[in-house]
A.B. asks: 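First the structure, then my questions, so here it is.
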Amino acid sequence: MIRMIGFELRKIFSQKMLWAGVVLLGALAYLVFSITFTNPRPDLTDEYAPYEGKVTDELIAKIKEDETTLRSQYGEEELFKLGKMSVFEQFSWERSIQVNLEEEAKLLDFSIAKASGSEKASLQLHKKMLNEVNVDEFVYFNGPEEVVDYVNTFHFVFVAFLLLLGLSGVFSNDAQWKTEPILFSSRYGRSKHLNAKISAAILFTIIVVSASEILNLTLRFLAYGTTGWEAPVQAIFKYTTSPYAWTMGEYHLVQLGVSLLGALGLALVILLISTLFPNTFLAFVVSSLLFGIPLILAEFIMVPEDSLARLIQDYSFMTLLRVEELFMQFEAIVLFGQPILTSIWIPAVVTAVSVIALALLCLRVKRKQVHA
């Protein structure tokens, strides 16, 4: 069985179109990441160093005193150029995030008092989560911020594109090359052969996701070092209203898990589509539409909240691969009178769709009629 999996994995990696895609993505990555190294964000490690750590009354007083001293020594134009002023502004902004979250939690009390039933339960869950958030760790986090943002930008494109190129032909190539009758008429053609293809596709998916993550961490570590992961995720602008009490390091692990889940689901659906078309190009086009339509809806079309298009956009593999839409703010649905976070519900639904795709894939292969 291991030899069969290895054989199928080699077949995936031997595709010329896959390596053409790797070259294309490599060129794109070079253009994107060269900006990081040729025009990097200012390195403020030394400026942050005296103030890093838990936010205490002493730290607040120290920053206030140092800022007052600095303002007395320089004019407005000179202050703007000083890295230390960026530190003070960031500290002030993070303090305002904490205040805003606390105020939002207090305002929820009024809504809770007026609400009832499932609406009240949802509001109480929101308040409970906000009360657990503490923006109380002040550190320099340029590196982790860009690592987190990469998942929503280059990572999901990298993973989806290579999965589409690598897996669209797993079954359709056999039909296109007229080798299906030989494979399916063999002793293990519809059992071990099928399992080997699925296992190879899963391994390929894990390799692709891992390669993207290694690229991400390597380039960011080279540019910014390895510190800052203990910063609260709310310090990133997109996540200022996020109710999840995570550090950037914890959130990135969640990102990886959700992204891998979405990638595996997408891989299984691509395999299913590959069994439906005897032409690899058609399988690639249909699979691309499955991923691309939700992306187009998310990026280029103002989709009404309560619409079929919004459901297609939200409950998609694209949402899981990009991750951020699940965690930027509080969202919950009510099921049997109980609130369930959409960050749990949407991955659960998409995973169920993936399992159904796997079952249909196995059924399709086992019942498929082939002709010599």
Side-chain angles (χ1 to χ4, degrees), residues 1 4-22 24-25 156-186 188-209 260-295 312 316-318 320-321 350-372:
M1 186 63 180
M4 292 177 70
I5 295 172
F7 175 72
E8 293 297 334
L9 194 58
R10 284 193 297 273
K11 281 172 62 178
I12 293 173
F13 276 106
S14 66
Q15 297 175 97
K16 293 180 180 179
M17 285 302 298
L18 173 65
W19 289 105
V22 170
L24 179 63
L25 287 174
F156 87 96
V157 174
F158 181 100
V159 172
F161 188 53
L162 291 186
L163 291 185
L164 289 166
L165 287 175
L167 301 181
S168 293
V170 167
F171 289 97
S172 59
N173 279 340
D174 292 337
Q176 193 168 310
W177 297 338
K178 309 298 183 184
T179 58
E180 266 190 345
I182 299 172
L183 292 171
F184 286 172
S185 61
S186 64
Y188 299 114
R190 298 178 190 265
S191 55
K192 287 186 178 181
H193 178 69
L194 170 62
N195 294 335
K197 283 183 177 291
I198 294 172
S199 299
I202 290 173
L203 282 174
F204 175 73
T205 302
I206 294 171
I207 290 169
V208 168
V209 172
L260 179 59
L261 188 65
L264 290 171
L266 179 62
L268 292 174
V269 172
I270 293 172
L271 290 182
L272 173 60
I273 293 172
S274 183
T275 67
L276 301 176
F277 294 91
N279 183 284
T280 301
F281 179 73
L282 286 177
F284 174 79
V285 170
V286 174
S287 299
S288 298
L289 288 174
L290 179 72
F291 177 79
I293 289 174
L295 180 61
I312 293 172
S316 67
F317 297 108
M318 182 271 298
L320 265 64
L321 283 170
V350 175
T351 300
V353 171
S354 304
V355 172
I356 293 171
L358 176 61
L360 291 174
L361 164 63
C362 295
L363 189 64
R364 167 71 176 166
V365 171
K366 289 178 180 179
R367 293 189 176 184
K368 187 174 184 180
Q369 298 294 318
V370 295
H371 306 280

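Heavy atoms only: backbone and side chains are in, while hydrogens, waters and symmetry mates are out.
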A.B. asks: Counting C-beta onward and ignoring hydrogens, is there a side-chain heavy-atom pair between Q15 and L165 closer than 4.5 Å?
C.D. replies: no

A.B. asks: How close do L290 and F317 get, heavy atom to heavy atom, and via which atoms?
C.D. replies: CD2-CE1, 4.4 Å

A.B. asks: Between A263 and V159, which heavy-atom pair has the shortest distance, and what is it?
C.D. replies: CB-CG1, 3.9 Å

A.B. asks: Taking ring-ring contact (aromatic ring centres under 6.0 Å, His included) as the test, write out the residues that go with F7, two or more places apart.
C.D. replies: none

A.B. asks: Roughly how far apart are L272 CG and R364 CZ, rounded to 0.5 Å?
C.D. replies: 8.5 Å

A.B. asks: Do side-chain atoms of K197 reach the backbone of F171 as a donor and acceptor pair under 3.5 angstrom?
C.D. replies: no

A.B. asks: Strictly distance-based, threshold 3.5 Å: is any side-chain N or O of S14 a donor or acceptor partner for the main-chain N or O of K11?
C.D. replies: yes

A.B. asks: Who pairs with V22 by side chain to side chain contact (heavy atoms under 4.5 Å, CB included), at least two apart in sequence or on another chain?
C.D. replies: W19, L162

A.B. asks: Any non-hydrogen side-chain atom of L18 less than 4.5 Å from a side-chain atom of F204?
C.D. replies: yes

A.B. asks: Can you tell me how far the OG atom of S274 sits from the CG atom of N279, to the nearest 0.5 Å?
C.D. replies: 10.5 Å

A.B. asks: Using a 4.5 Å cut-off on heavy atoms from C-beta on, say whether the side chain of C362 contacts that of L194.
C.D. replies: yes

A.B. asks: Could you pull out all residues at least two apart from L295 that satisfy side chain to side chain contact (heavy atoms under 4.5 Å, CB included)?
C.D. replies: F156, F291, E299, M318, R322

A.B. asks: I need the L268 CG to T351 OG1 distance, nearest 0.5 Å.
C.D. replies: 10.0 Å

A.B. asks: Would you please name every residue forming a side chain to side chain donor-acceptor pair (under 3.5 Å) with S316, sequence neighbours left out?
C.D. replies: T319

A.B. asks: Checking F161 now: which residues fulfil ring-ring contact (aromatic ring centres under 6.0 Å, His included) with it, not counting sequence neighbours?
C.D. replies: none

A.B. asks: Which atom pair, heavy atoms only, marks the closest approach of L321 to A160?
C.D. replies: CD1-CB, 4.2 Å

A.B. asks: With sequence neighbours excluded, tell me which residues meet side chain to side chain contact (heavy atoms under 4.5 Å, CB included) with S288.
C.D. replies: L164, F284

A.B. asks: Indicate whether the side chain of T280 and that of S168 have a donor and an acceptor atom separated by less than 3.5 Å.
C.D. replies: no

A.B. asks: What pair of heavy atoms forms the shortest contact from A357 to V269, and how long is it?
C.D. replies: CB-CG2, 3.8 Å

A.B. asks: Just by modelled atom types, is the I5 backbone N or O under 3.5 Å from a matching donor or acceptor in the E8 side chain?
C.D. replies: no

A.B. asks: Compare every heavy atom of S354 with every heavy atom of G265, then report the nearest pair and how far apart it is.
C.D. replies: CA-OG, 3.0 Å

A.B. asks: Would you say the side chain of L266 lies within less than 4.5 Å of the side chain of I270, judging by non-hydrogen atoms?
C.D. replies: yes

A.B. asks: Just verifying a value: how many Å separate L9 CG and I207 CD1, rounded to the nearest 0.5 Å?
C.D. replies: 5.0 Å

A.B. asks: Between CD1 of I202 and CG of L358, what distance do you get to the nearest 0.5 Å?
C.D. replies: 7.5 Å

A.B. asks: Determine, stepwise, if the pair T205 / L167 fulfils side chain to side chain contact (heavy atoms under 4.5 Å, CB included).
C.D. replies: CA-CA 9 Å; T205 302; L167 301 181; 4.2 Å; yes

A.B. asks: Run the side chain to side chain contact (heavy atoms under 4.5 Å, CB included) test on T275 and L271 for me, step by step, so that the C-alpha distance in whole Å, both residues' side-chain angles and the decisive distance to 0.1 Å come before the verdict.
C.D. replies: CA-CA 7 Å; T275 67; L271 290 182; 5.9 Å; no

